[in-house]
Amino acid sequence: MKCVTCRGPAIIDIRRHNSNFCAEHFIEQCHRQVRKAIEEFSMFEPSDRLLVAVSGGKDSLAIWDLLRDLGYDADGLYVGLGIGQYSDASLDVARAFAEKRQLKLLEVDVPSTFGFDIPNGSRLAKRVPCSACGLSKRHLFDEAAINGGYDVLVTGHNLDDEAAVLFGNTLHWHTEYLGRQLPVLPARNGFPRKVKPLVRLAERETAAYCIVKGIDYLIDECPMAAGNKHLSYKNALNEIERMSPGAKHSFYFGFLDRAAGFFAEESSIDREGLGTCASCGAPTTAEICAFCRLVDRAGGRLPDQSGVSAVPVDLGPTRSHSVQ
Ligand code: Q46
Ligand code: ZN
Ligand code: ZN
């Protein structure tokens, strides 16, 4: 197996591109694909301030690293969800990554700030854990990006993630979500711009990127993910991809090219007529936003001040300690 660029020994084959790469040219390939996604979808400009949602997993650390390699000004944000050992380990990994590279990592800890954790809070609120978790993360990511004055919120969703979500939304014809499943959501009504620059890279490639670059990431999956539908959709698509390399790419990018526009109007309806949450000030169609209602039902409490500031992590004497 030879690298398509230099004919040296290859370390990875990418069947959908019909290409093999050595370590050096694989990293170049990752840079190229991320740059292409940023340009193709006009995600952001070099002058923009980016906030990367960091979980400690391979995707979020890979995109943070890639964006810094490409010269972007990108800070990280870690949201602690109180999922036992998994949360403890993921925080350690995120902090170690930032510390090693002298990057700024903001943190919001849900249990100490809001008085509930995802496993217990979701049970009390009678919600599926991933639904309570997703809602909390979205709210806290948005809030930290807006309060921190960032231009863009970056997430590490890769091609496999987007294809699996699209698969699920199509299977059930969740048309209100289909028009919103885009690599860029523009800023509006108090929401930050949100982008997914990894959409052109598969999960296997972000893992390989981390290994080649020596990035320590948390390999363990969240224990609450076991049995969720997203994983079964991923497995189904992996089987299709195995028989037909490139199937995920053409499914997702074909949707963006030819179908997403049909659902745009329906998806925008629930963003019209937004007011602000009487409790935290976040944009919402109800009097109290979904996150504040979750906090209440989960047996938690809202902090005194309106909104919560993400706190820069103390990375030693050279780092800023100020609370934003
Ligand atoms: S962290 Fe949260 Fe995921 Fe764990 S509880 Fe579900 S949504 S699986 S990305
Ligand atoms: Zn090469
Ligand atoms: Zn609220």
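These numbers come from the heavy atoms of this one structure, side chains and all, not from hydrogens, waters or symmetry mates. Ligands are counted one by one from 1 in listed order, and the atoms in each one are counted from 1 as well. What you are looking at is a predicted structure, and each value in this text was computed from that prediction instead of being measured.
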Is the positively charged end of Arg200 above the ring of Tyr252, judged by distance under 6.0 angstrom from the centroid and angle within 45° of the axis?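 Ring-cation test returns no.
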If only atom types and distance count, is the side chain of Ser244 paired as donor or acceptor with the main-chain N or O of Glu241 below 3.5 Å?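 It does not hold such a pair.
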Does the Arg301 side chain pair with the main chain of Thr113, one donor and one acceptor, at a distance under 3.5 Å?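 Answer holds: yes.
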Taking 4.0 angstrom as the limit, do Glu107 and Arg95 come out as a salt bridge?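 Salt bridge: yes.
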Any atoms of ligand 1 less than 4.0 Å from a non-hydrogen atom of Ala225? List them with their elements.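 Counting atoms of ligand 1 from 1, those under 4.0 Å from Ala225 are 8 (S).
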With a 4.0 Å cut-off on heavy atoms, does Lys137 reach ligand 1?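 The answer is yes: ligand 1 sits under 4.0 Å from a heavy atom of Lys137.
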Got the closest protein heavy atom to atom 6 (Fe) of ligand 1, with its distance?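 The answer is Cys130 SG, 2.2 Å.
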Among all protein heavy atoms, pick the one closest to atom 4 (Fe) of ligand 1 and tell me residue, atom and distance.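 The closest one turns out to be Cys222 SG, 2.3 Å.
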Please confirm if an N, O or S atom belonging to Cys292, backbone or side chain, lies less than 2.8 Å from the Zn ion (ligand 3).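 Yes, since at least one N, O or S atom of Cys292 sits under 2.8 Å from the Zn ion (ligand 3).
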If we count only N and O atoms by modelled type, under 3.5 Å, do the side chains of Lys213 and Tyr209 hold a donor and an acceptor together?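 Side-chain D/A pair, Lys213 to Tyr209: present.
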Which value, rounded to 10°, describes the SG(Cys289)-the Zn ion (ligand 3)-SG(Cys277) angle?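 That angle is 110°.
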N/O/S from Cys133 sitting under 2.8 Å away from atom 2 (Fe) of ligand 1: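 Yes, since at least one N, O or S atom of Cys133 sits under 2.8 Å from atom 2 (Fe) of ligand 1.
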Has Glu28 got more than 12 heavy atoms of other residues, nucleotides or ligands less than 6.0 Å from its CD?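 More than 12 within 6.0 Å, yes.
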